[in-house]
Number of protein chains: 2
Amino acid sequence: MSPLARTPITIEHALLGFLLERPMHGYEIHQTLLESNALGLVWRVKQGQLYSLLARLEGEGLIRASTESQGARPPRKMLEVTDRGREAYHRWVIEPVQHPREVRLLFLAKLFCAHRLGPGYVSELVRRQEQEFRGQLDGLSRQMEEHSQSAFDELVYEYRIGQVEATLRWLSRCLDALARDPAGARS
Amino acid sequence: MSPLARTPITIEHALLGFLLERPMHGYEIHQTLLESNALGLVWRVKQGQLYSLLARLEGEGLIRASTESQGARPPRKMLEVTDRGREAYHRWVIEPVQHPREVRLLFLAKLFCAHRLGPGYVSELVRRQEQEFRGQLDGLSRQMEEHSQSAFDELVYEYRIGQVEATLRWLSRCLDALARDPAGARS
DNA sequence: GACAATCTACTCATTCACTGAATAGTCACA
DNA sequence: TGTGACTATTCAGTGAATGAGTAGATTGTC
């Protein structure tokens, strides 16, 4: 697939993290994400899409829903993670993203989730991501050498390299920064 | 609009650049973009989408089409820029992008086009973009001060700031780099 | 000469991600 | 009492993009 092509998003896996702490219903998750901090700082998702993503997770067997009535209020679907969902979540959390542009949303969501799981997860995720992007730096440098046909081409590669380098510098600060925040760990 | 929200893309304006040089038909533009250099290095677009974007430009009155037959071959639509399209193009080329994530595609497309128009356009585009992003840096620093509620929040702002800073460093090299490439200018 | 692959030039049904509004209420406050 | 916000979810529609279809011509190989 072309490096510029889009890949299916998997950010809905972040929702599993909330549900692993305790079962929640959709509107509760929506409320949580409305706050402009933590995951809500990174990921703005409308109610319609949130329910759509929850439906997808249910369809994939990663969560299960049970409806409970609540007197005069409309019935609500309590959602909880299945064993399969738990496994998928732990695999998802430490999987590095493929493209630097995916850091802005997908990687930050993974980092948030890893942080809540504990320092071991954070270091594993960051280590793998650094490895992935270091490898890409090599590739980009080679491409710039071999494929540039103009000053413009060269600037394009320099831009890409600059973004990856900036991300790597930032990654190197993640471990220390999050280690200072015991509030993140939940395990 | 939410800073994370998407804005309508305008990259199809880059196509006006080709047509301002000389009228072309859609398949020719498709061929040009297939090459992995210049605009094709930045923007991969399938035939179906290219024709759709050309239709949009036509609908907006920025280009006009005339069909010419070519013997046994299927007839082709020759496309040329209207006066309105020429104006829109020159405005579009120097308009800075709103979000750092738009540099990867939209801004690089504008830079390519500005480069072909001449150094005056490149310096105008880069100057405005630097101004826009410097302003955003101030805003991001302030938000980090005022809105961070955790180490994670802080890392998110640091990531965003790092990307903008890296982009500003790269922008500062654009003028010199493209000035060394006389092949870019066409005006 | 036959045939297959590629090229020419364009169109279109479908998918994916997402938006904004609809639905049918309850609750809190002025 | 009335109004606006909240609760909780669903759904029709939109925009961007993909991959395949259409109907040939051209090119290269056997």
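Numbered from 1 within each chain, the chains take letters A, B, ... in sequence-line order.
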Using 30° and 60° as the class limits, which term best fits the ring planes of B/Trp92 and B/Tyr89: parallel, tilted or perpendicular?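 If you compare the ring of B/Trp92 with that of B/Tyr89, the planes turn out parallel.
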
Give the rounded distance in Å between these two atoms: [atom1] of [X] and [atom2] of [N].
X	N	atom1	atom2	value
B/Tyr51	C/dT8	OH	P	11 Å
A/Tyr27	C/dA24	OH	P	18 Å
A/Ile29	D/dT7	CD1	C1'	15 Å
B/Leu50	D/dA20	CG	C1'	17 Å
A/Glu28	D/dA8	CD	P	8 Å
B/Leu34	C/dA9	CG	P	13 Å
B/Arg76	C/dT8	CZ	P	11 Å
A/Leu105	C/dA17	CG	C1'	12 Å

Between B/Leu79 and B/Leu19, what is the shortest heavy-atom contact and its length? O-CD2, 3.6 Å

Which heavy atom in B/Glu95 sits nearest to a heavy atom in B/Leu125, and how many Å separate them? O-CD1, 4.0 Å

Using a heavy-atom cut-off of 4.0 Å across all strands, would you classify [X] as base, sugar-phosphate, or nothing?
X	result
A/Gly48	base
A/Glu12	nothing
A/Gln31	sugar-phosphate

Select one nucleotide: of [options], the one nearest the side-chain heavy atoms of [X].
X	options	value
A/Arg73	C/dT8, C/dA9, C/dC27	C/dC27
B/Arg56	D/dA16, C/dA9, D/dT7	D/dA16
B/Gln49	D/dA16, D/dA8, C/dT19	D/dA16

Would you tell me whether A/Thr167 and B/Gln163 have side-chain atoms, one donor and one acceptor, within less than 3.5 Å of each other? yes

Does one side chain, of B/Glu132 or B/Gln136, offer a donor that lies under 3.5 Å from an acceptor on the other?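 Judged by distance alone, the side chains do pair up.
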
Residue whose nearest DNA chain C nucleotide is more 5′ - B/His25 or A/Val45: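 That would be B/His25.
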
Using heavy-atom distances to pick each residue's nearest nucleotide on DNA chain D, tell me which of A/Pro75 and B/Lys46 is more 5'.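 Here A/Pro75 is the residue nearer the 5' end.
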
Any side-chain N or O of B/Gln47 under 4.0 Å from OP1/OP2 of D/dA17?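 Indeed not, no polar side-chain atom of B/Gln47 lies that close.
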
